[in-house]
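So the structure is just underneath, and the comments pick up after that.
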Amino acid sequence: MRHLIDTTDISVEEVDRIISTALDIIADRKKYSEVCRGKKLATLFYEPSTRTRLSFTSAMMELGGSVLGFSDAASSSVSKGETVADTVRVIGCFADIIAMRHSKEGAPLVASQYSEVPIINAGDGSHAHPTQTLTDLLTIRREKGRLNNLTIGFCGDLKFGRTVHSLIKALSRYEGINVVLIAPEELRLPSYIRREVCDKNHVPTREVATMEEVMPELDILYMTRVQKERFLDEEEFERLKDSFILNPERLRNAKKDMIILHPLPRVNEITREVDNDPRAAYFRQVENGKFVRMALIYTLLEWAKERPTSQTPRIADDLVRGEMRCGNRQCISNCEDVDRLFRPTETGDYRCAYCESKVKQ
């Protein structure tokens, strides 16, 4: 059974296939209007969501399928203590495919080990958001005509931004990608992503303090919110916050064909005046999310026909069991009774399989 837990679960060729399917859907919506008739999508959203949940709902309905599920964990059996593993085994009796958003990192991975239907990670804590990444890739493809030979600047919260982490992983597999990191020191990209993703894949990466100094060279500017709650020193936040707000003045030296992306929701990091700039692609990005999720649902259901199911938990071959404990309090392994699984690194260390945090031996 194929699932989408992390962007790297699928090959570049498979990503390109999903994007090509999305482009075909855009070109001929009627062709796909009945392909999922009789199929049900379960949306298990343990934390609030507007765009992602409604995007999945709209996607399945436009494919001719139906939708069931919940948008609040308090209204589900999780409030009675039911585990993720038990929930997906139950929901799998009612649905053909499941989209899950969870506040605990690694919850969708646990779900995939027990589910007899495809699981789609719709966001797990600060860890990953692969369908947003597919949305971003489709948007880049439609706006720029390619997914290689691009310079992309990531601005804002690069430390906790799961959309940033997922997109960097995805783009690192294409040729000619240059990454520029624009963030306050408190919110810099985690060093392990630079080391194990960018450096490993020979992706040039550099850090800068302001967007102005790199604006002329960017093909894409990916904005995220600088979050006040992430700062230990409120005065430091007040000093830095305006440096990471995009306004027309800061766009004066940008390329005429640069595009501006944002996973949304925004607060004040992009002013309303920018919305009228033709380079602002973030609302077009939202619509692309529906099309790429249509393509993903259709593709996963097609793959499910080709692969037999199993009644036993499925553990990836590159994972090992151990007695170590993950130190991340937001990790599902510290909240539910799950196998302690770890992934060896090239340096001889281990990372938690669920949240990718480095584990002390």
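The model shown is predicted, which means the values in this text are computed figures rather than measured ones. Note: hydrogens, waters and symmetry copies are ignored here, and every other heavy atom, side chains too, is used.
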Using modelled atom types and a 3.5 Å cut-off, is there a donor and acceptor pairing between side-chain atoms of [X] and backbone atoms of [Y]?
| X | Y | result |
| --- | --- | --- |
| N247 | R250 | yes |
| S166 | T163 | no |
| D124 | G106 | yes |
| N201 | V203 | no |

Once you round to the nearest 0.5 Å, how far does [atom1] of [X] lie from [atom2] of [Y]?
| X | Y | atom1 | atom2 | value |
| --- | --- | --- | --- | --- |
| I97 | L296 | CD1 | CG | 6.5 Å |
| I220 | R279 | CD1 | CZ | 14.0 Å |
| E217 | M215 | CD | CE | 10.5 Å |
| H127 | N121 | NE2 | CG | 8.0 Å |
| I332 | L109 | CD1 | CG | 10.0 Å |
| E273 | L246 | CD | CG | 10.5 Å |

Donor on one side chain, acceptor on other, [X] and [Y], under 3.5 Å:
| X | Y | value |
| --- | --- | --- |
| T139 | N288 | yes |
| Y354 | N334 | no |
| Q285 | D136 | yes |
| R293 | S55 | yes |
| T43 | R53 | no |
| T87 | E82 | yes |
| H262 | E269 | yes |
| R17 | T299 | no |
| Y32 | D24 | yes |
| D275 | Y282 | yes |

Using a strict cut-off of less than 4.0 Å between a Lys/Arg side-chain nitrogen and an Asp/Glu carboxylate oxygen, indicate whether [X] and [Y] qualify as a salt bridge.
| X | Y | value |
| --- | --- | --- |
| R2 | E14 | yes |
| K144 | D257 | yes |
| E213 | R206 | no |
| D157 | R225 | no |
| K358 | E196 | no |

* Please report the C-alpha distance between D339 and L319 in whole Å, then the side-chain angles of each, then the deciding distance to 0.1 Å, and finally whether the side-chain contact (heavy atoms from CB on, under 4.5 Å) criterion is met. => CA-CA 11 Å; D339 291 322; L319 301 181; over 6 Å; no
Closest contact, heavy atoms only, [X] versus [Y]:
| X | Y | answer |
| --- | --- | --- |
| R162 | G123 | NH1-C, 3.7 Å |
| I5 | P130 | O-CG, 3.6 Å |
| H3 | S112 | NE2-O, 3.4 Å |
| I18 | A295 | O-CB, 3.4 Å |
| V338 | S333 | CG2-CA, 3.6 Å |
| K290 | S58 | CD-OG, 3.1 Å |

* To do: Mind telling me whether Y46 and H102 have parallel, tilted or perpendicular rings, with 30° and 60° as the class edges?
  => tilted
* Asked: Between Y222 and F154, what is the ring plane arrangement, given parallel below 30°, perpendicular above 60°, and tilted in between?
  -> tilted
Would a 4.5 Å heavy-atom cut-off, applied to side chains only, mark [X] and [Y] as touching?
| X | Y | result |
| --- | --- | --- |
| S126 | E105 | yes |
| I297 | I120 | yes |
| L221 | I182 | yes |
| V12 | L147 | no |
| R188 | L181 | no |
| L167 | I152 | yes |
| M294 | Y298 | no |
| S357 | C331 | no |

* Asked: Can you get from L54 to V67 by hopping between Ile, Leu, Val, Met, Phe, Trp and Tyr side chains that sit under 4.5 Å apart?
  ->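 Unlinked, L54 and V67 end up in two clusters.
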* To do: Carefully, step by step, assess L44 and F70 under the rule side-chain contact (heavy atoms from CB on, under 4.5 Å).
  => CA-CA 5 Å; L44 310 187; F70 57 81; 3.6 Å; yes
Take atom [atom1] in [X]; do more than 12 heavy atoms of anything else shown fall under 6.0 Å from it?
| X | atom1 | answer |
| --- | --- | --- |
| K159 | NZ | no |
| R325 | CZ | no |
| R351 | CZ | yes |
| D28 | CG | yes |

* Asked: Can you check salt bridge (Lys or Arg N to Asp or Glu O under 4.0 Å) on R284 and E143, steps first, answer last?
  -> CA-CA 10 Å; R284 300 193 292 274; E143 298 283 335; 2.7 Å; yes
* Report the C-alpha distance between M60 and C36 in whole Å, list the side-chain angles of each, state the deciding distance to 0.1 Å, and finish with yes or no for side-chain contact (heavy atoms from CB on, under 4.5 Å). => CA-CA 7 Å; M60 190 57 164; C36 287; 4.1 Å; yes
* For the pair I119 and M1, evaluate side-chain contact (heavy atoms from CB on, under 4.5 Å) and give the outcome as yes or no after the intermediate values. => CA-CA 9 Å; I119 297 290; M1 183 65 61; over 6 Å; no
